[in-house]
Amino acid sequence: MNPDLSHFGALAAAVGATPLVELTAGLGLAPPLRLFAKLESVNPGASIKDRPVLRMLQAGIAAGALAGGRRVLDSSSGNAGISYAMLGAALGVPVSIVVPGNASAERLARIHAHGAELILTDPLEGYDHALRTAQALAAQYPERYWYCNQYANAENWRAHYDGTGAEILRQLQALDLHADCFVAGVGTGGTLTGVARRLREAHPGLAVYAAIPDAFPGIEGLKPLGAAGDIVPDILDASLIDERIGISAEHAVAMCRRLAALGLFVGPSSGAYVHTALAVARSGRHRTIVTILSDSGERYLSVGLWPAG
Ligand code: PMP
């Protein structure tokens with residue numbers, strides 16, 4: 001198989017270089033305290049997951065992992081699945097994605113639209129069960145699948161170190177600022193690990209807060225990481241985290257609606273991060289706080305995030 005790299009290159013070039021939007025005034029804060037967020041919904045797959053998936057696919061292709069027509073296989077809460085399906089379609093590479101059956105209809109429809117195979121797991125069993133299912137498939141059919149394994153693939157966090165984190169540094173430098181606080185949650189841990197490493201290397205005093213959702217009803221894309229037996233992603237460098245802050249789905253949703261009223265249409269994990277960042281801002285301990293708006297509100301129409309009237 002010979003991936004069509006010219007077409008892929010055009011799509012790949014559209015990933016990253018996202019805006020850093022300022023939320024300070026919109027959320028009622030005042031300088032010198034400033035709050036910024038990286039708007040990742042402008043990626044072609046409408047989420048932050050385009051960045052690591054692009055990098056993991058590029059590395060896999062370079063290493064010959066897809067030789068012989070092997071399929072790309074991974075588990076996902078849905079957004080990475082969309083990125084794999086989209087980029088796989090552009091490359092002419094077959095893709096199989098294991099997703100919990102309760103992923104939003106928008107996610108499932110888009111993965112299907114790009115021609116990827118969807119393998120749905122029991123909604124009640126969550127992300128860890130999807131992960132174990134992908135592991136089992138990869139072990140059973142090694143000649144059929146290349147298991148990309150975003151939870152353990154170092155290209156995931158590196159995409160955020162070289163991309164998301166480096167962009168934040170440059171964008172703040174242009175304003176004569178540097179981040180002294182970063183807030184994010186953990187799905188695979190790629191965002192938190194890559195961005196926090198990059199920002200802390202530049203400014204060792206950086207404080208890192210992890211937004212950790214309640215187990216029920218949960219927040220799409222984020223792992224609760226609380227209960228015994230929860231799989232902690234291999235690439236998560238938990239030593240970077242100064243403090244874990246619990247966040248309820250209700251607060252996340254309320255913040256989504258508040259952000260929509262400010263012109264930012266984002267999903268619940270973004271609401272969770274901003275709610276947490278605002279709480280941290282109010283503590284008065286930091287000056288320049290950065291967080292991430294991981295995906296688009298469009299992805300949650302079917303789950304009732306946006307009542308019509
Ligand atoms: N928010 C959303 C909506 C996501 O889909 C994900 C990834 N599952 C995250 C946040 C967390 O990102 P990461 O995998 O880099 O920890």
Side-chain angles (χ1 to χ4, degrees), residues 16 37-41 43 45-56 74-85 97-100 102-104 106-108 110-111 126-128 130-131 134 148-161 163-165 182-198 208 210-213 218-225 230-238 240-241 244 247 249 252-253 255-256 259 265-277 291-300 303 305:
K38 207 71 172 129
L39 185 64
E40 294 297 312
S41 54
N43 282 301
S47 88
I48 193 163
K49 299 306 296 199
D50 284 356
R51 295 173 180 270
V53 169
L54 172 63
R55 175 117 173 196
M56 292 187 290
D74 212 344
S75 68
S76 163
S77 66
N79 279 332
I82 288 170
S83 303
Y84 282 117
I97 298 296
V98 186
V99 181
N102 58 332
S104 71
E106 290 87 339
R107 283 168 162 72
L108 301 181
R110 180 149 180 200
I111 292 170
Y127 302 140
D128 287 355
L131 195 163
C148 190
N149 197 0
Q150 57 163 336
Y151 291 91
N153 190 325
E155 301 300 335
N156 177 346
W157 71 261
R158 285 191 191 122
H160 297 292
Y161 181 92
T164 327
F182 177 60
V183 178
V186 175
T188 62
T191 306
L192 190 145
T193 301
V195 173
R197 272 191 183 144
R198 185 60 178 249
V208 176
I212 305 292
I219 294 174
E220 269 197 81
L222 300 184
K223 275 172 126 304
L225 283 181
D230 278 351
I231 295 177
V232 178
D234 288 347
I235 60 165
L236 173 67
D237 180 354
L240 293 163
I241 300 169
R244 297 174 184 228
I247 169 82
V253 165
M255 183 53 82
C256 281
L259 291 171
F265 200 52
V266 297
S269 74
S270 309
Y273 292 9
V274 175
H275 179 94
T276 306
T291 191
I292 306 279
L293 304 172
S294 300
D295 74 352
S296 165
E298 304 274 358
R299 208 140 273 171
Y300 305 87
V303 297
L305 181 56

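Every number for a ligand or one of its atoms is a count from 1 in the order of the listing. Throughout, residue positions are numbered sequentially from 1 according to the sequence presented.
Of the heavy atoms in Y273, only side-chain atoms (C-beta onward) come closer than 4.0 Å to ligand 1. If you look at T191 next to ligand 1, the close heavy atoms, those under 4.0 Å, come from the backbone and the side chain alike.
Any N or O atom pair closer than 3.5 Å counts here, and K49 shares at least one such pair with ligand 1. Of the N or O atoms in N156, none lie within a sub-3.5 Å distance of an N or O in ligand 1. For the pair I48 and ligand 1, the shortest N or O to N or O distance does not fall below 3.5 Å. Among the atoms of H160, none of the N or O lies under 3.5 angstrom from an N or O of ligand 1. By the 3.5 Å distance cut-off applied to N or O atoms, L192 is not counted among the residues near ligand 1. Of the N or O atoms in N79, one or more lie within a sub-3.5 Å distance of an N or O in ligand 1. Any N or O atom pair closer than 3.5 Å counts here, and G187 shares at least one such pair with ligand 1.
Counting atoms of ligand 1 from 1 in the listed order, those under 4.0 Å from a heavy atom of D295 are 3 (C). Within ligand 1, the atoms closer than 4.0 Å to a non-hydrogen atom of V186 are 16 (O), numbered from 1 in the order shown. Those atoms of ligand 1 that come under 4.0 Å of a heavy atom in G190, given as number and element, are 15 (O), 16 (O). If you number the atoms of ligand 1 from 1 as listed, the ones under 4.0 Å from a heavy atom of S294 come out as 1 (N), 2 (C), 10 (C). Near E220, with a cut-off below 4.0 Å to any heavy atom, the atoms of ligand 1 are 3 (C). In the vicinity of L222, heavy-atom distances shorter than 4.0 Å reach the ligand 1 atoms 10 (C).
Residue I292 comes nearest to Y273 through the heavy atom pair O-CD2, 3.1 Å, listed as atom of the first residue, atom of the second, then distance. Pairing each heavy atom of G81 with each of I111, the nearest pair is C-CG1, 3.7 Å. Here the shortest heavy-atom pairing between S76 and N79 reads OG-N, 3.7 Å. Closest heavy-atom contact between D50 and G45: OD2-N, 2.5 Å.
Looking at T291, its side chain does come within 3.5 Å of a backbone N or O of V183 through a donor-acceptor pair.
The structure places CE of M56 at 6.5 Å from NZ of K49, a figure rounded to the nearest 0.5 Å. Once rounded to the nearest 0.5 Å, the distance linking CD of E220 with OG of S294 reads 12.5 Å. Note: I247 CD1 to I219 CD1 = 5.5 Å, rounded to the nearest 0.5 Å. One finds the NE2 atom of H275 at 12.0 Å from the SG atom of C256 (value rounded to the nearest 0.5 Å).
For the 3.5 Å distance criterion, the side chains of R107 and S104 qualify, holding a donor opposite an acceptor.
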Using residues 187-194 as the side-chain source, report each donor-acceptor pair under 3.5 Å to any protein atom, sequence neighbours left out, with the distance given to one decimal.
| unit_1 | atom_1 | unit_2 | atom_2 | d |
| --- | --- | --- | --- | --- |
| T188 | OG1 | N156 | ND2 | 3.0 |
| T188 | OG1 | G190 | N | 3.1 |
| T193 | OG1 | G189 | O | 2.8 |
| T193 | OG1 | I235 | O | 3.2 |
| T193 | OG1 | D237 | N | 3.1 |

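K223 has a carboxylate O that lies under 4.0 Å from a charged side-chain N of D128, or vice versa, which qualifies the two as a salt bridge.
Scanning all protein heavy atoms for the shortest distance to atom 2 (C) of ligand 1 gives S269 OG, 3.4 Å.
At least one heavy atom of S77 sits closer than 4.0 Å to an atom of ligand 1. At least one heavy atom of G189 sits closer than 4.0 Å to an atom of ligand 1.
In the candidate list P233, A272, A46, G221, G221 is nearest to atom 6 (C) of ligand 1, counting heavy atoms.
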